[in-house]
Structure formats: C-alpha cells, structure tokens
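Counting starts at 1 for both ligands and their atoms, following the listed order.
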Amino acid sequence: MTEKKKVLAICGSTKKASLNLSLINALAEITKEQIHTEIFTGTCSLPHFNPELDNDTPPQAVVDFRNQLNEADGVLICTPEYAMGVPGTLKNAIDWTVSSAEFYRKPVALITASTLGHKGHQALMETLKIIGSNITDDTHLVISAIKTKVTYDNKIIDTETYSSVTKLMNAFEALLNNDRKLNII
Ligand SMILES: Cc1cc2nc3c(=O)[nH]c(=O)nc-3n(C[C@H](O)[C@H](O)[C@H](O)COP(=O)(O)O)c2cc1C
C-alpha cells in the first residue's frame with residue numbers, strides 16, 4: 001500500500017466561520033483515503049514580512065511555517081478575494097517563503113472561492129509562478145458566488161462545483177504522486 005501524501009492546507013480567510021475553511025474541510029474529507037491534510041493555523045501569528053528579519057535567525061513562527069511546508073508533499077490554498085486582490089495575511093505568509101524557497105517545485109493546488117475572485121486569483125497565480133510552485137492548468141480554479149455553493153458545515157451543495165473540485169483534487173493527487181514531473185506554467 002502506498003503511503004498517504006501529506007498536504008498542508010492554507011486558508012486565505014482568517015475568519016473562524018469561513019467558507020474557504022469549509023471547502024478545505026470538505027476536500028480533506030473527500031480525499032481522506034489518499035491524502036492526509038493538515039490545516040495550517042498560524043497565518044495570524046506570522047509577523048509582518050520584513051526583509052531585515054529574514055536573516056539566519058528568523059522569528060519562530062516563520063521557522064515553524066517553513067518547517068511545516070518542508071514536511072508537506074504539497075500545498076492546498078483556498079482563499080477569498082479581498083478588494084480585488086489577495087488577502088493580506090495570505091500574501092504575508094507567502095512573502096516569508098520567497099527567499100527560503102519552500103514553494104519551489106512544490107505541488108500546489110489553488111482555489112479562489114469568493115463572490116467574484118478572478119482578479120485575486122490571477123495575482124496569486126503570478127506570485128505562485130514566480131516562486132516556482134509546481135501548479136498546473138488542472139490544479140487551479142476560481143469558484144465565484146461561493147455562498148451559494150458551499151455551506152458553513154463543510155458541504156458542497158452545487159453539483160457542478162463538486163465535479164470541478166473533485167477533478168482538481170484528482171489532478172493534484174497525480175501531481176503529488178509524480179513529483180519528478182515539473183509542471184510550471
Ligand atoms: C474586506 C473584504 C473585501 C472583500 N472583497 C471582495 C472582492 O474584492 N471580491 C470578491 O469576490 N469578494 C470580496 N469579498 C467577499 C468575500 O468573497 C466573501 O465574504 C467570502 O465568503 C469570504 O470568504 P470566507 O467565507 O472564506 O471568509 C470581500 C470581503 C471582505 C471582508
């Protein structure tokens with residue numbers, strides 16, 4: 001039996017009642033036979049990114065985040081769009097990985113689940129590409145009108161959305177299981 005792949009899930013929303021967090025929970029449940037999903041809980045504990053603190057002894061919260069990324073076979077990001085861009089806490093977390101390169105060649109799935117979402121998604125795709133993430137055309141997706149598609153108790157209630165996210169997770173799993181194949185787009 002092949003070992004389950006380890007995925008670190010990062011939610012771009014810091015709300016306790018978050019549809020993106022619900023989506024992560026739903027995806028973790030759907031893929032639980034193949035993937036062990038751990039949800040990163042430290043985005044709010046990361047200090048504001050400052051290149052002067054990004055030295056040989058970075059803040060402990062940063063060390064912990066980088067370790068969790070290194071231990072993961074892949075990263076799943078589910079995020080809303082804020083003010084047509086990427087939520088600041090999520091961008092801040094990613095900025096802490098630019099010099100240390102934890103995302104380099106790392107299989108990544110990105111879902112922007114929002115009211116609209118395309119502009120924030122596009123910006124985050126640019127960031128993920130420049131830091132060398134292994135993300136493919138099949139492992140990123142925008143889900144607009146998220147409030148009509150996912151519930152706060154972790155249910156995907158729209159059949160088209162269910163089909164899109166399961167397709168995406170299948171592609172992500174393939175990427176996780178074939179990590180020598182580099183799919184930078
Ligand atoms: C400060 C703020 C800005 C927002 N800006 C946008 C936006 O630009 N585009 C969009 O699609 N939704 C925007 N929204 C709405 C979010 O998409 C919506 O609240 C979504 O459910 C948030 O995801 P969450 O439930 O995981 O927190 C914004 C919400 C907040 C709180």
Proximity of Ser13 to ligand 1 by residue part, where a heavy atom lies under 4.0 Å: side chain
Identity and distance of the protein heavy atom lying nearest atom 30 (C) of ligand 1: Tyr82 CE2, 3.6 Å
Exercise: do Asp138 and Thr136 side chains pair donor with acceptor under 3.5 Å: no
Criterion side chain to side chain contact (heavy atoms under 4.5 Å, CB included) on Leu23 and Leu19, from CA distance to verdict: CA-CA 6 Å; Leu23 184 58; Leu19 293 172; over 6 Å; no
Nearest non-hydrogen partners of Asn20 and Cys11, listed with the distance: CB-SG, 3.7 Å
Numbered atoms and elements of ligand 1 in range of Gly117, under 4.0 angstrom, heavy atoms: 11 (O)
Ligand-side contact atoms (ligand 1) for residue partner Asn20, heavy atom cut-off under 4.0 Å: 23 (O), 24 (P), 26 (O)
Per-atom contacts, ligand 1 versus Lys15 - under 4.0 Å to a heavy atom: 24 (P), 25 (O), 27 (O)
Lys149 side-chain N/O to Ser144 backbone N/O, donor-acceptor pair under 3.5 Å: yes
Minimum-distance protein heavy atom relative to atom 26 (O) of ligand 1: Ser18 OG, 2.7 Å
Protein heavy atom at shortest distance from atom 22 (C) of ligand 1: Pro80 CB, 3.6 Å
Heavy-atom nearest option to atom 13 (C) of ligand 1, drawn from Lys16, Glu81, Met84: Glu81
Over 12 foreign heavy atoms within 6.0 Å of CD, Gln60: yes
Asp64 and Gln68: side chain donor to acceptor below 3.5 Å: no
Nearest-contact summary for atom 25 (O) of ligand 1 - protein heavy atom, Å: Leu19 N, 2.9 Å
Proximal ligand 1 atoms for Lys147, defined as those under 4.0 Å from one of its heavy atoms: 19 (O), 21 (O)
Crowding at CD1, Ile157 (>12 non-hydrogen neighbours, <6.0 Å): yes
Distance filter under 4.0 Å to Ala83 heavy atoms, resulting ligand 1 atoms: 3 (C), 4 (C), 5 (N), 6 (C), 7 (C), 8 (O)
Neighbour count above 12 (heavy atom, 6.0 Å) for Tyr82 OH: yes
Where ligand 1 meets Leu116 - atom numbers and elements under 4.0 angstrom, heavy-atom basis: 10 (C), 11 (O)
Main-chain N/O of Asp54 paired with Trp96 side-chain donor or acceptor, under 3.5 Å: no
Atom 18 (C) of ligand 1: nearest protein contact (heavy atom, Å): Thr115 OG1, 4.0 Å
Closest to atom 17 (O) of ligand 1 among Cys11, Ser114, Ser22 (heavy-atom distance): Ser114
